Amino acid sequence: MHFEQRTVTCGKLRPEHAGQQVVLNGWVNARRDYGGIIFLDIRDRDGVTQAVVDTSHRADLGEQIREVRSEYVIWVKGAVRMRENPNPNISTGLIEILADDIGVINPADVTPFEIVDDLGTNEELRLTYRYLDLRRPILQKNFFTRNKLSQITHRFFEEEGFVEIETPVLTKSTPEGARDFLVPSRINKGRFYALPQSPQLFKQLLMVSGFDKYMQIVKCFRDEDLRADRQPEFTQIDVEMSFITQEDILGLTERFIKKAWKEILDYDVTVPFLRMPFKEALERYGSDKPDLRYGLELTNVTEIARSSSFTVFSESVASGNVVMALNAKGCATFSRKQIDELGEHAKKYGAKGLPWLKVSGSEVTGSFVKLVNDAERDELLTAMNAVDGDLLLFFPGEWERACTVAGALRTEVAKRTGVLASVAGTYSFHWVTEFPLLEYSEEESRWIARHHPFTAPMIDDVALLSVDPTHARAIAHDLVINGYEAAGGSVRIHTNDVQTKMFDLLGFEREDADAKFGFLLNALRFGAPPHGGIAFGFDRLVMLLCGTDNIRDVIAFPKTTSGLSLMDGCPSDVDAQQLTNLGIALSKL
RNA sequence: GGGAUCGUAGCUCAGCUGGUUAGAGCGCUGCCCUGUCAAGGCAGAGGUCGCGGGUUCGAGCCCCGUCGGUCCCGCCA
C-alpha cells in the first residue's frame, strides 16, 4: 500500500512548528466523527497528535477515511496549526494537523481489548495478545526505563574498570540450589546440559584468569514455582571483582544505585546505606529483607513470657522457643472478624494461633487476658509501648519462625492500615549482612549453604565451623530496597583447602565433590586471587524504578505463574522424530 | 506439593434461597451531526454462562472432575 513516510513522530510538534508542512505515521488511537469534521488521534511510541479532517477544506478526504477505525495504521500529511480548543492532557495538546492528504497503510481488525492505559482487562487476555498489550503507553514507558537502566549499567561499570564477558548458556547441572532447566544433548545421547541458575562458577574462574573486574547483564534460569516478582528466566547484573574486601563491593553497589536512581528518577539516594545484621533484621522486622520505609517494629517479650501464667507462652519459652510481639498501632478498632483474618494469615506462615490483646480506653481485652494477672499484662503493655487504640499480636515459636510470622503480620498490618500506601513513591535502601553460613536441612538431614557453597565464612567464625556450624556467619550481603531483595552476593572462598572443608561440611564425599566441582577445586590450586561480588536482580530494579509490583510489567514476553507463554503456547509437544534424535522416550504422565 | 480466589456478550461486570425469553456500561455495526479529546443523539447486532460429567421436573447458580488466570505457603544455593 502506498504511504508517505513520516517527517516527524507523534510527540514532537509544538506551537513553534505552526505553519510547517509535516507527515505523520502511526496508529489511530481514537476517531471522533462529527460528519463534516473528523478528529483522528495518531499514536506512536513518542506520543499522540490530533489530525483534523475538515471536509470544508478537502471535501474528498471524508470518504477516503470512511472505514478508518481504531488501530488502523495510517499516514497523514498536512500543516501544523494552533488548536481552537487546546488539550492540556497531552504534550502536543496546543497544536493539530489539518489534513491535506491521508491514507491507510494497513487496516486493523477490532482489537480484543482497547489500547488504553487504565485497562481493566485480565492478564490472561493481555498476555495472549502481548504485542497489543505492549502498544499501551504505560507499558512502553517501562521498557524505555529498562533500556535506560541497561545503558547506565554498561556505562557505570565500564567507567569503574569492569569488562563484560559472556559466559556459557549451556552449562553443567549442579546439585546445590534451585532446580535446573535441562537441555538434552543430541550428540551425546542420554546426557544433558543445564541452563545456568547464575554464572557463579564462571565468574569465579574469570577471577582466577586474572580479569580482575567482570560484569555481565545475563539471563538466568531457575525451574522453580513462580510469584508476582519471580519468572523462570530473568536477568541479572552479575558482578565479580578481585583483591577486594566486602567494603569494596558495598561501596561499588552504592555508587551504582545512586547513579541509577539519580539518572532515571532524579532521586537523590543517601549513601552509605544502613547496614543491619541478619539477626537484627529478623528480630526487629521479622524478615531478612524488611521494608524499612515504615516502622512497626517487633518486640521480643520472651523474658516476660517465661514466667507467664498463660501456658502457651511459658511452655514455649521452657522448650527453648521465644515469644515475639507486634504492636499494631491504632488497630484496636479491628473487628473480631478482622482479627480472625490476621490469625488466618499467621497460619499460612506456620503459626498455630494468634494470641492478641486490645487496648481500648482503660480497658484491655483479648484472647488470653483472663489467663494472666494485671501485673504481667501491664508489663507486656509497657514493653510494647502500648497506648489506647493499639492491638497487640503475639507469636510464640522457634526464633526464626516466630520472627518470620511476626514479620508477615507486620506487612499485612501495614497494608490494612494504609501505612504501605502512604510510603508509595519513596525508597529505602539498606544492607542485610552477617547471614548464617549454613542451615540445617531436616529434609536432607545435612547442612546446606544458606547463600551458596562458595561463600566465605567471616574470619572470626572460621573456628566455629568444626564445633558450632549453626552460628558461623558468612561474608554475605543482600541489598534490600522497599522490602525486595534487589541484589545479593558475598566474598568467595578462594583457597582449595577451605573450599574442600566446606564441601566436607556439606556432606559431599570427596569423589562426589571432585566429580561435580573438581574444575573449581583445581582452579583454586593455581593461584586464585581473593575475590567476591554481587548479582542484581535486573528485572526487580526495573520494577522498583517503574513503580510496579508485577515483574511481568517489565518483561516483554513473560510467562504466567504456571510457566506458560500464552502467546506462543510454549512449552509445547515436539515431534516424535525430535525425541528419537535425542534418544528420549516419554514415560506415561 | 499445598492453600485461597476467579472464569457469564469483543472488554469490565451484575445475575437473590435452583424457576419463564441471561442484563448493564464500554466497545462494535448503521444513520445523523463542523471543535471534540471518556464526544453526543437514534437504531441495531452480539451469549455452547471455560470444558466434561452428575444431581434435579428444571442448573449460570448445587456436586465431582478438568483446563486456565491471579495471589500466597513450601520451594527459589
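Just so it is clear, the model here is predicted, and its values are computed rather than measured. Letters A, B, ... are given to chains in the order of the sequence lines, protein chains preceding strands, and every chain is numbered from 1.
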Do you know which two heavy atoms are closest between A:L420 and A:K415, and how far apart they sit? CD2-CG, 3.5 Å
Taking every non-hydrogen atom, the tightest pair across A:I102 and A:L40: CD1-CD1, 3.7 Å
To the nearest Å, give me how far apart [atom1] ([X]) and [atom2] ([N]) are.
X      : N      : atom1 : atom2 : result
A:I42  : B:rU36 : CD1   : P     : 19 Å
A:Q197 : B:rC76 : CD    : C1'   : 9 Å
A:R230 : B:rU70 : CZ    : P     : 14 Å
A:K348 : B:rC75 : NZ    : P     : 16 Å
A:D109 : B:rG27 : CG    : C1'   : 15 Å

Counting any heavy atom closer than 4.0 Å, what does [X] reach on the DNA or RNA strands: base, sugar-phosphate only, or nothing?
X      : answer
A:E84  : base
A:N122 : sugar-phosphate
A:T174 : nothing
A:R227 : base
A:Y349 : sugar-phosphate

Residue A:N89, side-chain atoms from C-beta onward, closest of B:rA38, B:rU36, B:rG68: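 Nearest to the side chain of A:N89 among the choices is B:rA38.
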Can A:D223 and A:R179 be counted as an ion pair, charged N to O under 4.0 angstrom?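 The answer is no: the pair does not qualify as a salt bridge.
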Between A:T167 and A:Q216, do the side chains contain a donor N or O and an acceptor N or O under 3.5 Å apart?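 Yes, because at least one side-chain N or O of A:Q216 sits under 3.5 Å from a partner of the opposite role on A:T167.
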Between B:rC63 and B:rU21, how far apart are the two P atoms, rounded to whole Å?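 Here B:rC63 and B:rU21 have their P atoms 25 Å from each other.
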